[in-house]
Novice: 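My questions will all concern the structure given below.
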Amino acid sequence: MVVVCIDGGDPAYIRQGLRDGFIPNIERFMKQGFSAIADGTVPSFTCPNNMSIITGTPASRHGISGNFYLDVRTGEAVVMTGPELLRGDTILSQFADAGAKVVSITAKDKLRKQLGKNLDVSKGNISFSSECAGRCTLKENGIENVLELVGMAQPGMYSMELSLFVLEAGIKLLERDRPDLLYLSLTDYVQHKHAPEEPEARRFYLAIDRCFGRLEKLGAVVALTADHGMNDKSDAAGKPNVIWLQDVLDARFGKGDTRVICPITDAFVAHHGALGGFVRVWCTGKATPRQVIETIHGISGIESVMDKAGACRAFELPPDREADVVVISAAHVCIGASEAAHDLSGLAGHRLRTHGGVAEAKVPFILSEPLNDEYKLKAGVSTLKSYQVFEYALNGW
Ligand SMILES: [Zn+2]
């Protein structure tokens, strides 16, 4: 069983591929197996959704509700990638404990430790990232000499090869070791940079589709999903539609009274400038959550603004890591902190494409094999062919 998380794999890319005929393997899976549009976790970011996929639980249970949160005791923004922050166990480690051979490969190293939580790599299980492929050791990763095995050079952080390396490594390990369960998590560099109709996106989907076909040929059941979608968030002139929320709040309450955290942030932000569709506001001074909500409410481009309790209820989020106020933007708008704190030079003339809100929480859910009767009932697709459901969900009923 191979589960692939196509990072940033908005259903629009699949639709484009189906229309233009450059994803024949995915198309075959959709016809012979199962496909639907699924609801991802909100905030529609990488870490929360990868954790929901590998634990089968909402963020209220697994605890990873963003890529960053504010530790109110220290006032520090804490990156949420440590395995100690992930609550409970993963499906991967449970399978391994039950005797299955498990492989977990991710593009960026930030996810590796959580994906590999409690996975015993001394017993034939494997966990590594493309980012650090050249430095794998038996002790840390359960594998060494990965570059030789895969037959590719160490890929750059801003490249489609970072994702292709993950898939190629999965194929080589499936050939060599026949593991029972593989989780392959890609990176969304291409989707941040290129819309579905652009040639680079087409080239990427053509390449990953070929890999999916090879995985199936090797005998695997292939499951494809995504952590989140992606939306264009620039205006007609190509300028990003940004609400600089920290600047808005500072103008109203003064500096230091509120703290806006953009939980999309990691160390590699050149392709999105740390701008997303979901931000958190902590009230660190006199301003109350109600005053903050009243200030934000009605700003054009804001889809919703809610207090901690409302956000935790609506999106099944862990209250102890939630801010006082949660702000979500509409599909074609994003939210930043302070204009001066974001570096947009990395966009280098590209339109801003990013994610984080409810508008980017729809993801594909495709299996190379049909569902059994029990799951058919759960999915409620007894009368329509599953790929028809997918098309309808994209185009409206
Ligand atoms: Zn992602």
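Reckoned from all heavy atoms, side chains included, excluding hydrogens, waters and symmetry mates. By convention here, the first residue in the shown sequence is residue 1. Every number for a ligand or one of its atoms is a count from 1 in the order of the listing.
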Novice: Does the shortest distance from the Zn ion (ligand 1) to an N/O/S atom of N49 fall below 2.8 Å?
Specialist: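 Coordinating: no.
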Novice: Taking 2.8 Å as the cut-off, does an N/O/S atom of H355 lie below it from the Zn ion (ligand 1)?
Specialist: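 For H355, the answer is no, given that no N, O or S atom comes within less than 2.8 Å of the Zn ion (ligand 1).
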Novice: What N/O/S atom of H228 gets nearest to the Zn ion (ligand 1)?
Specialist: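 Atom name returned: NE2.
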Novice: Using the rule given for ring pair (Phe, Tyr, Trp, His ring centres under 6.0 Å), can you reason through F45 versus H355, listing the C-alpha separation, both sets of side-chain angles and the distance that settles it, and then say yes or no?
Specialist: CA-CA 7 Å; F45 292 132; H355 56 94; 5.7 Å; yes
Novice: Test of understanding: clusters of I, L, V, M, F, W, Y form through side-chain heavy atoms closer than 4.5 Å, transitively. Do V150 and L147 belong to the same one?
Specialist: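 Yes, same cluster.
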Novice: Does this structure show an ion pair linking E168 with R210, if we count only N-O contacts that are shorter than 4.0 Å?
Specialist: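 Salt bridge between E168 and R210, a charged N being under 4.0 Å from a carboxylate O: no.
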Novice: Could you grab the angle centred on the Zn ion (ligand 1), going from OD1 in D7 to OD2 in D227, to 10°?
Specialist: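 Once rounded, the angle between the two atoms at the Zn ion (ligand 1) is 90°.
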Novice: Side chain of S104, backbone of S127: donor and acceptor closer than 3.5 Å?
Specialist: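 Pair absent, no side-chain N/O of S104 close to backbone of S127.
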